[in-house]
There are 2 protein chains.
Amino acid sequence: MVLDDIDKKILRLLQENAHYTLKDIANKINLSLTPVHDRVKRLEKEGVIEKYVSILNKKKLGNNLTVYCQVTLTKQTYDTSEGFNQAILEMPEVVECNYVSGNFDYMLKIIIPDMESYHHFHQKKLSTLPEVSLINTVFVISEVKSTTVLPI
Amino acid sequence: MVLDDIDKKILRLLQENAHYTLKDIANKINLSLTPVHDRVKRLEKEGVIEKYVSILNKKKLGNNLTVYCQVTLTKQTYDTSEGFNQAILEMPEVVECNYVSGNFDYMLKIIIPDMESYHHFHQKKLSTLPEVSLINTVFVISEVKSTTVLPI
DNA sequence: CTTCAAACAGAAAATATTTCTGTAAAAGTA
DNA sequence: TACTTTTACAGAAATATTTTCTGTTTGAAG
């Protein structure tokens, strides 16, 4: 699973735009269709390319508020963590959830219509989880950067 | 720019998999190709669909460390903010950067190979920015959830 | 040398997207 | 009411893309 320079070029292009055709890519990297096709299929099979997704505009969907929630659990046990994790996976407004080091246990990123929805989410969905002890909210005032492009 | 139920179904499908064909979508929502095609093009044109991207596996690219940086600037002026923003946009390891409320000014998400790279990034790239006064690092121990799917 | 595998090119076959033509229902107008 | 316009959709033809197949070249292994 070693990536050579051609693989990396292909990945950089596909990260930018999943709708580039094989021909587009072939032209951009000066190859014929065959090797581009073979490499893309190999990268998919190996799991380097996980999936192709559409990025939607959150504001146009009515999601005008982004917040980070710093969550502390009641206990640090495996069962508590697992219970929390499962609950989070069911919540569509939680787009990111990481178990972290520091003064709290989890860092969550929430995308939601407005402050009222957030109030509801906070009071009725998150703080009511039996595993949750403390929530500290950090409000996003302005988005500077948000990309799915990973450094290659 | 009102989204009806059919638009929403299409968006939900495309968020999941940008490689669903028009036929796939048409079958799943019981329509012919034409309206599906027309609606997708309209959603693209209106900017509801921003772009199509490939999601790569960060570990398979050698990026084994994720961290959040909570950054405080030296001043709160416009020029300071703008200078910082511009610098951040140039840094490929910063995949997320938001100006936030609270005890610090910015929340950054960094994806990077390992602790050594992070040390270098922290010491040589981030803390050396003239706008940066303070950096508090939160290390991700384990990723629970990470999705590009927005609630519709 | 000879064989084998990897990387590529070109072309044919199978699919998908795009464009075109047309119908039906709903909304607006005289 | 009668007429026009618009919207949403269906089906089919044209175009483009992906997938598969055949074959060449190159370099490494026996």
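A note on names: the letters A, B, ... follow the listed sequences, proteins ahead of strands, and every chain is numbered from 1. Below, all heavy atoms of this structure are taken into account, side chains as well, without hydrogens, waters or symmetry copies.
- Interface residues of residues 16-28 of chain A facing DNA chain D, ordered by number: A:T21, A:L22, A:K23; criterion, heavy-atom separation under 4.0 Å.
- The interatomic distance linking A:D4 (CG) with C:dA6 (P) rounds to 14 Å, in whole Å.
- Under the rule for a side chain to side chain contact (heavy atoms under 4.5 Å, CB included), the partners of A:Q123 that lie at least two apart in sequence or sit in another chain are A:H119.
- Other residues sharing a hydrophobic cluster with B:V53 under the 4.5 Å side-chain heavy-atom criterion for ILVMFWY residues are A:V53, A:I55, B:I55.
- Alongside A:Y78, the hydrophobic cluster contains no other residue (criterion: ILVMFWY side chains under 4.5 Å).
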Polar atom pairs between nucleotides 25-28 of chain D and protein, under 3.5 Å, N or O only, would you list them?
none

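- When the C1' atom of D:dA8 is taken as reference, atom CG of B:D5 falls 15 Å away, rounded to whole Å.
- Whole-Å rounding puts the A:L3 CG to C:dA7 P distance at 13 Å.
- The side chain to side chain contact (heavy atoms under 4.5 Å, CB included) check on A:S133 picks up A:T74, with sequence neighbours excluded.
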What nitrogen or oxygen pairs link the protein and nucleotides 10-15 of chain D at under 3.5 Å?
{"unit_1": "D:dA10", "atom_1": "OP2", "unit_2": "B:S32", "atom_2": "N", "d": "2.5"}
{"unit_1": "D:dA10", "atom_1": "OP2", "unit_2": "B:S32", "atom_2": "OG", "d": "2.5"}
{"unit_1": "D:dA10", "atom_1": "O5'", "unit_2": "B:S32", "atom_2": "OG", "d": "3.3"}
{"unit_1": "D:dA10", "atom_1": "N7", "unit_2": "B:T34", "atom_2": "OG1", "d": "3.1"}
{"unit_1": "D:dG11", "atom_1": "N7", "unit_2": "B:T34", "atom_2": "OG1", "d": "3.4"}
{"unit_1": "D:dG11", "atom_1": "O6", "unit_2": "B:T34", "atom_2": "OG1", "d": "2.8"}

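- Scanning for salt bridge (Lys or Arg N to Asp or Glu O under 4.0 Å) contacts around A:D79 gives an empty result, with sequence neighbours left out.
- Hydrophobic clustering, with ILVMFWY side chains joined whenever heavy atoms are under 4.5 angstrom apart, keeps B:L61 apart from B:M115.
- With sequence neighbours left out, A:Y20 forms a ring pair (Phe, Tyr, Trp, His ring centres under 6.0 Å) with no residue at all.
- Within 6.0 Å of CG on B:D38 lie more than 12 heavy atoms contributed by other residues, nucleotides or ligands.
- In this structure, B:R39 places its CZ atom 18 Å from C1' of C:dT18, rounding to the nearest Å.
- The OH-P distance, from A:Y52 to D:dT18, rounds to 10 Å in whole Å.
- Nearest-nucleotide mapping onto DNA chain D: of B:I6 and A:D38, the residue sitting toward the 5' end is B:I6.
- B:V2 shares a hydrophobic cluster with no other residue; no ILVMFWY side chain has heavy atoms under 4.5 Å from its own.
- Contacts of B:Q76 classified as side chain to side chain contact (heavy atoms under 4.5 Å, CB included), with partners at least two apart in sequence or in another chain: B:Y99, B:D105.
- Phosphate proximity of C:dT18 to B:H37: present, with a side-chain N or O under 4.0 Å from OP1 or OP2.
- Counting Ile, Leu, Val, Met, Phe, Trp and Tyr side chains that sit under 4.5 Å apart, directly or through other members, B:F104 shares a hydrophobic cluster with A:Y68, A:V100, A:F104, A:M107, A:V138, A:V140, B:Y68, B:V100, B:M107, B:V138, B:V140.
- Heavy atoms of A:R42 sit nowhere under 4.0 angstrom from any nucleic acid atom.
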